[in-house]
Number of protein chains: 2
Amino acid sequence: MAKTKLDIDNNVRKLRFEQQEMTQQALADKVGVSRQTIVAIEKNRYSPSLDLAFQLALAFQKPITQVFFMKADKLTPPHKPRVKLKGL
Amino acid sequence: MAKTKLDIDNNVRKLRFEQQEMTQQALADKVGVSRQTIVAIEKNRYSPSLDLAFQLALAFQKPITQVFFMKADKLTPPHKPRVKLKGL
DNA sequence: GCCCAATGTAATATATATTTGACACTAAGT
DNA sequence: ACTTAGTGTCAAATATATATTACATTGGGC
């Protein structure tokens, strides 16, 4: 499919613990997929649909770029705000 | 698959014109897919794989969130830097 | 008016993501 | 020692994304 299939990494597992301490099943339910799908993604067996990626980002209340990222990332600006945001 | 399948919109077409004025075929080549895949995405017939989404973002040199976004977007912070970036 | 490039569409085929169900392993609680 | 929740894994089935080929349409340049 894609030129040279980017290898995309993610910190779903990390976020799952750090952020809200939830089980795979809980996360699966939250984003509406099966637990095995979560496993597959955490283990990086395949990358999810854009849809699911968004759902996960949503679940963690993070921009998608903070959940999924390219390994040798050079071009995509990481979403690190340079200033403290006011509201959030 | 997903809870209530988010409907994700994109401005691939817009960017394709505005940004670098390229044809569907050219873009397709650039990101390594067939032209019909580009058509399908522009027409929003299905949302791409995360991989392709990244490739497109890459092609346009934009963060993924500026290429794909949710319609009734409330939770995902849009990537609008609050300050002028230095380098780029 | 003719040509050609760019675009839209449709059918069929293949690849990949996701589901379902089942089972093994481990750590923690009792 | 027994149970149970959380996790990893596998195989087979289904859904969805993508490729391929082929054809129709439209707009611009000649």
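Labels below follow one simple rule: chain letters A, B, ... track the order of the sequence lines, proteins then strands, and each chain is numbered from 1. None of the values given here were measured: they were computed from a predicted structure.
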Steps toward side-chain contact (heavy atoms from CB on, under 4.5 Å) verdict (B:Tyr46, A:Leu50): CA-CA 10 Å; B:Tyr46 49 72; A:Leu50 186 58; over 6 Å; no
Stepwise side-chain contact (heavy atoms from CB on, under 4.5 Å) check, A:Phe68 with B:Ile64: CA-CA 10 Å; A:Phe68 296 92; B:Ile64 211 175; over 6 Å; no
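Considering only the side chain of B:Pro48, D:dT18 comes nearest among C:dG8, D:dG8, D:dT18. Closest contact between the side chain of A:Arg13 and the listed nucleotides D:dA19, C:dT19, D:dT7 involves D:dT7. Side-chain proximity of B:Gln24 to C:dT7, D:dA17, C:dT19: nearest is C:dT7.
Of the two residues near DNA chain D, A:Arg35 and B:Arg35, the one whose nearest nucleotide lies more 5' is A:Arg35. Mapping B:Gln36 and B:Tyr46 onto DNA chain D by nearest heavy atom places B:Tyr46 at the nucleotide closer to the 5' end.
Side-chain nitrogen and oxygen atoms of A:Ser49 include none within less than 4.0 Å of the OP1 or OP2 phosphate oxygen of D:dA17. Note on A:Thr37: a side-chain N or O is less than 4.0 Å away from OP1 or OP2 of C:dT19. For the OP1/OP2 pair of D:dT7 and a distance below 4.0 Å, the side-chain nitrogens and oxygens of A:Thr23 include at least one atom meeting the criterion. Contact annotation: B:Arg45 side-chain N/O to C:dT9 OP1/OP2 distance is under 4.0 Å. At D:dG6, none of the side-chain N or O atoms of A:Arg16 fall inside 4.0 Å of OP1 or OP2 (strictly under the cut-off).
Look at NZ on B:Lys43: it is 19 Å from C1' on D:dA17, rounded to the nearest Å. The nearest whole Å value for the distance from the CZ atom in B:Phe68 to the P atom in D:dA17 is 12 Å. One interatomic measurement links the two molecules: CD of B:Glu21 to P of C:dT7, which rounds to 9 Å at whole-angstrom precision. Atom C1' of nucleotide C:dT20 and atom CD1 of A:Ile38 are separated by 16 Å, given to the nearest angstrom.
Considering every non-hydrogen atom in both A:Phe60 and A:Gln19, the closest pair reads O-OE1, 2.9 Å. Counting all heavy atoms, side chain and backbone alike, A:Asp51 lies closest to B:Lys5 at OD2-CG, 3.7 Å.
Rounding to the nearest 0.5 angstrom, the gap separating the CZ atom in A:Arg35 from the CD atom in A:Glu42 is 10.0 Å.
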